[in-house]
Structures are given as C-alpha cells and as structure tokens.
Amino acid sequence: MCWNKPYGRDGIVAALDSLVTDGVLPDGLSFGRITVETPRDESHGHVATNAAMVLAKPSAQKPRELAEAIADKLRADNAVTQVEIAGPGFINITLSDDIWFRELADILRAGTGYGASDMGGGEAVNVEYVSANPTGPMHVGHGRGAAIGESLAALLDKAGYNVTREYWVNDAGAQIEILSRSLHLRYREALGEDIGEIPEGLYPGEYLVAPAKDVAAKDGDQWVSRDESDWLGVFRRYAIDAMMELIRADLDRLGIRFDVFTFESSMVETGKVQAALDYLTDKGLMYTGVLEPPKGKKPEDWEPRPQTLFRSTDFGDDVDRPLIKSDGSWTYFSTDIAYHWDKYQRGFKTQINIWGADHGGYVKRMQAAVKAMTAGDGNLDVKLCQMINLLDDGKQFKMSKRAGNFVTMADVVEKVGKDVFRFIMMTRKNDAQLDFDLQKVTEQSRDNPVFYVQYAHARIHSVLRHAADAFSVHELQPDALADADLTRLEDDAEKALIMQMANWPRIVESAALAHEPHRVAFYLNDLAASFHGLWNMGKDNTQLRFIVEGDRELTRARMALIRGVSLVIASGLEIFGVTPVEEMR
RNA sequence: GCGCCCGUAGCUCAGUAGGAUAGAGCACAGGAUUCCUAAUCCUGGGGUCGCAGGUUCGAAUCCUGCCGGGCGCACCA
C-alpha cells in the first residue's frame, strides 16, 4: 500500500473499498470530495482525511461512527502506527518512521527527477507565450510572460503532460509595414544618405541599424530609388527575419527555446483563415450586423457600420465580434481564430496562452471562438500577467527611451543575471503586479528569495565538501547515501524535513493542475527555511550538527538527509531554468 | 454603463480541489557566532480575511448583492 504518493489517498481509498465489501458502506459512493492531505498542525498526525464527514450523509451514518469503522481498517496496516478521530470526524493518521526513511531513499535514488508525476498521462498540451510582435527587442514585460510560460511548460512536463512550447508571430499586420519602411530608411542611411530625424510613425530604434547594413551589403543600392511597392515585400521578409533573430537571442539569454514558431502570414497563405470563416458560416455563426456603441464611453468617431460578426455571445462572450472590417479585410481576431483552430487540429485539446493583462478584454471572445471551432471539445486557459513595476533601490525606475536607462529585457538580464530574473518572476502570482527592484534582487539577504534558496543549496554542498574529509566521493553520492542507516535520523526536525520533501510531488501536481508555477517558488522558499533552521539547531546543540565527530553512521544518515534537500531544491529550480549553485561567493 | 482581475498583519504577499487555532518576509522589540558560510537562526507583539447575506458538518476559499482599487471596452495587433 502506498502512503505517501499521493499522500496516502490510495491507502484511504483501499480502506473505503474494503468497507464497501463488508457492507458497511453502500455501493456506488463518490469519493470525489474526499481529500487527503498533510495537516498543518503536527499533533494531527502525518495524514488527515475528511472521508468520514464527506461520506456520512450519503451513507446515512454518523460521521464519528463511520470514522471509527474506517480507522479500524486503517489500523490493520502495519505502516500505520496511530489513528485518531478528531473534531467533527477528521481521521488523523500517524505513519511509521520507516515510511519516511524509505521516501528519503527514494528521493536520493530519483535525484532531480523526484517529484515527476504521470498525472498528465501524456496528454498533449500547447503553451503559447511571449508571442511579442517582431518589431523590436523584448522588453521587461515580455520577460515576465516568458518566465511564466516556460516555467509552466516545464512544470507540466514534470507532471506528465506532453508539452509543446509555441510562439505566435504576428508578421502580417500594419505594424510590420511600418517596420519594413523603417528598415528601408535605415538601409538608405547605411548607404550614406543623411536621413535626418526618423519621421513620426516609423520606428526610431537603433536595433534596425545593423540589419539595414546587412541588407546594404547584400543587395547594394538596388532598392534605393525603386517604388515602395517593389521593395516593401522584400524588406518585410528582411525585417521579420532580423527581428526574430533578435528575439531568439533574447530568449536565449533566459534559457528559453521554443518548439514551434507559427507565423500569422502562414495562416493567411495556406487559406486557414478563409477556411475558419467558412466553417463558422456553415455553422450559421456569422451574420452582418451593426454593433451598439459602447455605453459610458462613446468614441468620438463612432458611427453605425455594418460588419461581419461572429456570434460569440452564443459561447459566453458579451457582444458579438467583428471578423471582417468594412474595407473587406480580416480583423486580427479572424486570424487568431484560425490559429487556435489550427492548434486544435494539431492535437491540442488543451491550450494555454500567456498574455499581458492589457489583453484581458480579449479572453472571452477567444475562449468563445475555441468552443465554437471545436464543438466544445477544445479548452483554452489564458493566464494574464500583470505589469512589472521596475524599481531602483525602492525608487520608481524611470523608463526613458533616451540615453543611459535600459528598458529592454536583455539589459535587465545582463545586470542581474538570468537566474535572478527567472526566479524573481515566479515570486508572485501571474495576475498580481510585481515589484522588481534592481538593487534588492541582487542583494544577498533573507528578503531576496533567489539568494535564500540558492544559499541553502550551496550550504549543503559546503557541508558535503567538509564531509569529504571522512568519506570518499563515492560514499557521498546520492545512490550510495540511499543505503545509509536512515533510522539514525531520530530528531523530530529531521523527520519533519523529510516529510516536507515528501510533499514535493504533491506540490508539482497541484501547481500543474492549477497552472500556477509560482507555487513552486514558495515551496522552495519554505524548504530552504526549514533547512536553514535545522542548520542553526546545530549551533545550539552540537549533537544536531550534520557532521558528527566519531559517529560515521549518523553523519552518513545526515548527509543523506541534506543531500535529499539539495536534490529537491535542484528539482524545483530546474522547472524555473535556474542553476543550483554549489558555492556562493 | 458593461466585462475581467484584485481587496488577508503597519508594508509586500502566500494560503495547498471547502477543513481543525489564517501563515511568511519586511518593519518593530529582544536574543544566539571559540563550532559544517551569522550571507543564517530563535523568541515576541501584532487580523471583524473589504462589507452584508447565502450554500453545509465546516467558507479567506463556492454563490448573490454592495463598497473600494486596477485593466479593457466597435473595422488596433
């Protein structure tokens, strides 16, 4: 019987099944609402369940009496040392120490793979994130979406899903034309022309200078005096290629690599957009109509206009949405519908998008579209990231485009480092605003979670280095430590630490299920705190130090304990793409 | 006016599929260092979980209505 994965639920269910066989419980009860978890208060045992309270009513029994019956079944298991009924009918279970020692050995053997789950059953999930328009380098806000998306993808991987990381490239809109013209101007500059000030409406960024020189070197001056209609398409291609290269380099800085880049232009060229609209027409979900002006805030230039609309209100949206503009061209929403349809057809019933909070108003219509295009089979979850509040030592950081002040993600990453950037982005829920203080995040102190967690990991390796005086390198390897006499770990704080590690698989599953990778950051912070606490107990009581002179077996058991902690920390950091350092300096 | 997100300690925030006495850091007050990194730890005070109802054995968590803050609201992506 398995007691700790996932937290004894199997054990509880087995006891309940047995009661059904005995006729104590009726057949066909739903166990869905039964929870099995670690109680916050340790006097409530290692595992607690509400099973008796949940099943009391449907089985027409008194909760505490039913709890007794369940408890009797549980007591028959020799891994269970104590079962108590408490409060309105909680069943509190205490497990034998062996269970926990065995778990620690499992951690050591599994290494950073510990915590992996088959919960996802290999289901294909598509996570789309960043998707910054290819009009310039990534800024800090994109960086947050990148960190969240990548960590969520890694988390889902670990939880047993088959994850595809995808970037949607908007290379077909008006912004790209502006970009192309901007590049052409820089191209003329590269050929020696004095272009003066960059005109209003074009991108002034320096990042177009280098690509323009490349074009000049490659094509010479052949595009200088030709009509725009001749060179616009050519420069569009050049511009997008250059910008995507820029963005890929930025992503590299964060250690992020996408599996798929899908180009908006390809949706258009392959007829996907038209096909999507045809599909909606067939379903009777398109009509020509005139939208009401928005109440309260009427745009100046509002006028009633007939447009081709999608009946998104049939699928939970607030108003029907235009798909075709009055000039006959598609709206962005049209291509986006085609895109999400395409993802579904590629096998992704579950799609997750990471968007900036300013796109919040777009969520409902997109979800409505996914429902419509997949006959309710597809499912879209959108995680919105709030803004980042960039600070410099507590003061608002002035985002000036002009000299001196960095605004791009690359600049920030260069200043604070990839690991710090990736981790700090996970220290808030995605929908909470995040303060990012350029000074504090590199500070080496308790209030810097990156440092705090890294320090715990480094400290462990420091102890292991000291232990190498008495043990061979081989003896300190996780596999070898798994064979140590772990029953020597008798202190309550040591056992509590093992139990906390044993919680890791459950954290992975619940965070993956909720699509909330930030929970991993909080868990790691808590685990690090427990470790630092245990460390300091050795200051007060030398018997609790990790390395105990004259007691090799005890020392070995404690090396196993802390090595386990380092592996769980590394396992968590792996999800964030953060390197677990073995030495601080 | 409508929709979405948020409201938890003085501040910044967690709160695990509805669980037991709501947690952590900062700040504040006190304490621990001949010893594995004190870059850390320990102790203490601090709360009508925005307000009011509802659902049930049980609500910070789910539902409804208010109050307060942020974002978005026709042919922009």
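Just the heavy atoms: all of them, side chains too, but no hydrogens, waters or symmetry mates, feed the values below. The sequence lines fix the lettering, A, B, ..., with proteins before strands; numbering per chain opens at 1.
Checked by atom type and distance alone, the side chain of A:Thr262 never pairs as donor or acceptor with a backbone atom of A:Trp168 at under 3.5 Å.
The separation between A:Asn430 atom CG and B:G70 atom P is 20 Å, rounded to whole Å. Between A:His532 atom NE2 and B:C42 atom C1' there is a gap of 15 Å when expressed in whole angstrom units. A:Lys429 places its NZ atom 19 Å from the P atom of B:G70, with the value rounded to the nearest Å. In this structure, CZ of A:Arg321 is placed 16 Å from P of B:C2, rounded to the nearest angstrom. For the pair A:Leu524 CG and B:G25 P, the computed distance is 17 Å after rounding to whole Å. Protein atom CD of A:Glu509 is 16 Å distant from nucleotide atom P of B:U16, rounded to whole Å. What separates CD1 of A:Ile91 from P of B:G58 is a distance of 19 Å, to the nearest Å. The CZ atom of A:Phe436 sits 15 Å away from the P atom of B:C13 (whole-angstrom rounding).
A:Phe333 and A:Tyr362 have perpendicular rings, their planes meeting at more than 60° on a 0 to 90° scale where under 30° would count as parallel. Ring-plane geometry between A:Tyr455 and A:Phe451 is classed as parallel, the angle between the planes falling under 30 degrees on a 0 to 90 degree scale with a further cut at 60. Classification of the A:Tyr523-A:Trp504 ring pair by plane angle, with boundaries at 30° and 60°, yields parallel.
Using a 4.0 Å heavy-atom criterion, one finds that A:Arg33 contacts the bases of the nucleic acid, with or without backbone contacts as well. If you check every strand for non-hydrogen atoms under 4.0 Å, A:Ser445 touches sugar and phosphate atoms only. Residue contacts for A:Glu292: at a heavy-atom cut-off of 4.0 Å it reaches no nucleic acid atom on any strand shown. Heavy atoms of A:Phe333 sit nowhere under 4.0 angstrom from any nucleic acid atom. Residue contacts for A:Ala56: at a heavy-atom cut-off of 4.0 Å it reaches no nucleic acid atom on any strand shown. When heavy atoms are screened at a 4.0 angstrom cut-off, A:Phe90 is found touching base atoms of the nucleic acid. At the heavy-atom level, A:Gln367 lies nowhere under 4.0 Å from the strands shown. Nucleic acid contact class of A:Pro63 (heavy atoms, under 4.0 Å, all strands): none. Among the atoms of the strands shown, none is found under 4.0 Å from any heavy atom of A:Asp336. The residue A:Gly360 sits apart from the nucleic acid: no heavy atom pair falls under 4.0 Å. Using a 4.0 Å heavy-atom distance criterion, A:Glu264 is classed as a sugar-phosphate-only contact. Across all strands, A:Asn92 comes closer than 4.0 Å to base atoms (heavy-atom distances).
Comparing A:Ile507 and A:Leu434 by the nucleotide of RNA chain B that holds the closest heavy atom to each, the one mapping nearer the 5' end is A:Leu434.
Between the side chain of A:Asn50 and the base of B:G19, at least one donor-acceptor pair of N or O atoms lies under 3.5 Å. On a pure distance criterion of 3.5 Å, a polar donor-acceptor pair joins the side chain of A:Asn536 and the base of B:U40.
Under the 4.0 Å criterion applied to side-chain N and carboxylate O atoms, A:Lys343 and A:Glu128 are assigned as salt-bridge partners.
Base pairing analysis places B:U37 opposite nothing; no Watson-Crick or G-U wobble pair with both distances below 3.5 Å involves it. Pairing of B:G45, defined by two Watson-Crick or G-U wobble distances under 3.5 Å, is not identified with any nucleotide. In a base pair of the Watson-Crick type (N1 to N3 plus N6-O4 or O6-N4) or a G-U wobble (N1-O2 and O6-N3), with each distance short of 3.5 Å, B:U21 is matched with no nucleotide. B:G3 is paired with B:C71 under the Watson-Crick or G-U wobble criterion, all donor-acceptor distances under 3.5 Å. Nucleotide B:A52: paired with B:U64 (Watson-Crick or G-U wobble, both distances less than 3.5 Å). For B:A14, there is no paired nucleotide, since no Watson-Crick or G-U wobble pair has both relevant distances below 3.5 Å.
A cation-pi contact, defined as under 6.0 Å to the ring centre and within 45° of the axis, is absent between A:Arg365 and A:Phe310.
For the pair A:His466 and B:U37, the criterion of a side-chain N or O lying under 4.0 Å from OP1 or OP2 is met.
Sparse packing is recorded around CE of A:Met387, with 12 or fewer heavy atoms of other residues, nucleotides or ligands lying under 6.0 Å away.
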